[in-house]
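Labels below follow one simple rule: chain letters A, B, ... track the order of the sequence lines, proteins then strands, and each chain is numbered from 1.
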Amino acid sequence: MEKLFIYNTLSRTKEEFKAINAPFLGMYVCGPTVYSDVHLGNCRTFMSFDIIYRYLTHIGYKVRYVRNITDAGHLESDGDVGEDKISKKAKLAQLEPMEIVQTYTVGFRDVMNLFNALPPSIEPTATGHIIEQQEIAKQIIANGLAYEHNGTVYFDVDKYAKSNNYTVLTNRKLEELLENTRDLDGQDEKRSRLDFALWIKAKPEHLMKWPSPWGVGFPGWHIECSAMSTKYLGEQFDIHGGGMDLQATHHTNEIAQNIAYCGKSPANYWLHTNMLTVNGQKMSKSLGNSFLPMELFTGNHPLLNKGFTPMAVRFFMMQTHYRSTLDFSNDALEAAEKAFNKLMESYKTLQTLIASGSSSEDVKAIERSCYDAMNDDFNTPVLISKLFDAIRLINSAYDKKSTVTKEDIALLQSIYQHFVFDVMGLKKEEETGKSNTALEQVMNLVLDLRAKAKANKDFATSDEIRNKLTEAHIQVKDGKEGVTWSI
RNA sequence: GGUCCUGUGGCCGAGUGGUUAGGCUCAGCUCUGCAAAAGCUGCUACUCCAGUUCGAACCUGGACGGGACCUCCA
């Protein structure tokens, strides 16, 4: 098996990866909250972990990939301010919370599918694991690290921090955290400002609520992940992932919960993916620069000149390492789209290569460097640069400037299969409209006429046809092997 | 305000104490009736200041800029 190095947030260094029970491997990734459309930032995180999942699988691990759906805990109106609005709206066309959940869960899966992300092995929901969450809260109370106050159960951070490193993930000092904590609702119920809720008493207007030993309520924000990761991957597993914004609060509390529950830190390796910016600025609705995936595909957005295919976007994301911020801009997307098309064109060229008896190229070295790139903390930008070495090699062999053997060609095929299709999860875009046979027949007719004009050296006619087609956004390409066209 | 991350050529974006990242753009060439498309070749950068070093864009310190988190958030 490949020797793989992964950047572990726990140690802030790249560590050699060792699975607890190879070849089996458990990976948990914090999934989306399904109360609104997935935005691109979410997609980027899940695409990053899709590559990680695919590569781990490729090098021989039997991965159980668990990614939750958060469908409970946040339906409450925004405290005191929002209550009025809610009651006004509630009169007409009130939706069941689970209708919202269903709508956005389906939407999320559809988008991930468009991006060719593999579904996780298990996709558990918070509402499906209320009992498990309560059990964990009970055990933490029994272990003396949580307390109930007026129907709400709080985690006792102070007490926990006396015998554990609460801030393992962030390296922050507890005193400094305390100084910087703001005043929030329910602060007076807590023993310490850092304490967080495992179970929350439901207000009467709260829509999703369940009975519990502490009264009717709903689970806290962090406990679902502790419950579901423990249930499906065990008390200790290999990899836990999520966006960097989850690191300081959600993951910190998750680790504390697990240790308070069973004395074990849940995951050996914590991976965090970086955020997404637009033209150098944070993506946010207030700045008017947030993208929905569909806006990206259709180009229906003020910041875009045109739409981009899901695969072009996927490729674009792969060009940046998962731990760097990814900046969206029209120019960068266009550049990535061209590069992606080149990668796919070269695959076609590869199919036409003719083998020589000897080889002037070292294809094995390219394959090796692809593995080296991925083994170095899943470095897809470097992987892509190595693939472009392969492209140059393919083109030069095609131009008869170099020679490749039958084995080389087979190896190039396998590099494409393994790295481009299996690991990066790229695929050829569907041909535009399968039912376009009518258009095709017309185009054949037109191009046939143009060919005849050219044969008669009637360039005025042939150029006119070409120009008119260009105006209609149809590009004519006079290749060596005949004329092709694209829209 | 606090903690942490970051600053690379026209643009995007890897990386390393001394040796070409890669893509896009651009220029030249090949091909072409001419274009386009495609291919080839070229374009040598690392915010600023000081230090460590034989040698730093890469290490250290400082300045300035950008970002994340501290509040639901991928």
Side-chain angles (χ1 to χ4, degrees), chain A residues 12 29-33 35-36 38-49 67 70 73-74 76 78 167 169-173 175-185 194 221 241-250 252 272-277 280-284 315-316 318-340 342-343 345-346 349 369 373 376 379-389 391-392 394-396 398-399 401 454 457-459 462-463 466-467 469-470 475-481 483-486:
Chain A
R12 294 169 177 278
V29 173
C30 292
T33 301
Y35 289 154
S36 63
V38 242
H39 82 280
L40 270 175
N42 293 268
C43 294
R44 147 95 135 162
T45 294
F46 303 132
M47 304 261 264
S48 297
F49 284 105
R67 186 182 67 204
T70 297
H74 310 284
E76 196 178 14
D78 311 348
T167 53
L169 275 181
T170 52
N171 261 155
R172 287 180 195 171
K173 294 199 176 89
E175 311 83 68
E176 286 167 353
L177 274 182
L178 275 169
E179 281 170 26
N180 290 307
T181 307
R182 296 175 195 180
D183 283 319
L184 295 169
D185 285 351
L194 289 178
W221 298 288
M244 273 184 188
D245 49 350
L246 298 180
Q247 185 177 323
T249 306
H250 182 59
T252 292
H272 290 98
T273 57
N274 215 139
M275 302 291 105
L276 199 144
T277 59
Q281 281 186 304
K282 182 188 174 184
M283 184 182 274
S284 83
F315 180 86
F316 169 68
M318 300 300 111
Q319 278 191 310
T320 301
H321 186 82
Y322 76 87
R323 283 192 291 111
S324 300
T325 51
L326 173 70
D327 189 54
F328 259 78
S329 68
N330 196 75
D331 289 352
L333 280 162
E334 282 184 1
E337 181 181 55
K338 284 182 187 171
F340 170 67
K342 199 166 165 181
L343 183 66
E345 281 304 309
S346 181
T349 309
S369 63
D376 183 14
N379 198 325
T380 51
V382 169
L383 169 63
I384 288 172
S385 81
K386 299 307 173 191
L387 290 172
F388 274 87
D389 288 343
I391 289 176
R392 199 173 305 111
I394 289 168
N395 286 333
S396 97
Y398 180 73
D399 288 346
K401 283 176 186 162
K454 279 177 74 173
K457 302 221 184 283
D458 179 6
F459 297 123
S462 70
D463 285 354
R466 188 175 66 197
N467 292 339
L469 286 173
T470 305
Q475 185 181 46
V476 179
K477 300 174 200 173
D478 291 329
K480 283 176 194 166
E481 317 293 324
V483 184
T484 56
W485 58 279
S486 59

Per-nucleotide protein contact string for nucleotides 5-13 of chain B (B base, S sugar-phosphate only, - none; heavy atom under 4.0 Å): -------SS
Per A:N379 side chain, nearest of listed nucleotides B:C73, B:G33, B:G15: B:G15
Nearest-nucleotide comparison on RNA chain B, the residue closer to the 5′ end among A:R44 and A:K454: A:K454
Base B:A35 to side chain A:D478, donor-acceptor N/O within 3.5 Å cut-off: yes
Pair of N/O donor and acceptor under 3.5 Å linking B:A35 base with A:R466 side chain: yes
Phosphate OP1/OP2 of B:A74: any A:T33 side-chain N/O under 4.0 Å: yes
Whether A:F316 and A:F328 hold their rings parallel, tilted or perpendicular, with breakpoints at 30° and 60°: perpendicular
A:N467 side chain vs A:D463 backbone, donor-acceptor pair below 3.5 Å: yes
Closest-nucleotide ordering on RNA chain B, the 5'-leading residue of A:K401 and A:P32: A:K401
A:R67 NZ/CZ over A:F46 ring centroid, <6.0 Å and within 45° of normal: yes
Touch class at under 4.0 angstrom, heavy-atom based, for A:H39 against every strand present: base
Sugar-phosphate only, base, or nothing, as touched by A:G41 at under 4.0 Å among non-hydrogen atoms: base
Polar side chain donor-acceptor pair, A:T277 to A:D327, under 3.5 angstrom: yes
Salt bridge (Lys or Arg N to Asp or Glu O under 4.0 Å) involving A:D376 - partner list, sequence neighbours excluded: A:K14
A:N42 vs B:C73: side-chain N/O to OP1/OP2 distance below 4.0 Å: no
Any A:K342 side-chain nitrogen or oxygen under 4.0 Å from OP1 or OP2 of B:C24: yes
Sugar-phosphate only, base, or nothing, as touched by A:F459 at under 4.0 Å among non-hydrogen atoms: base
Side-chain-base donor-acceptor pair under 3.5 Å for A:D389 and B:G22: no
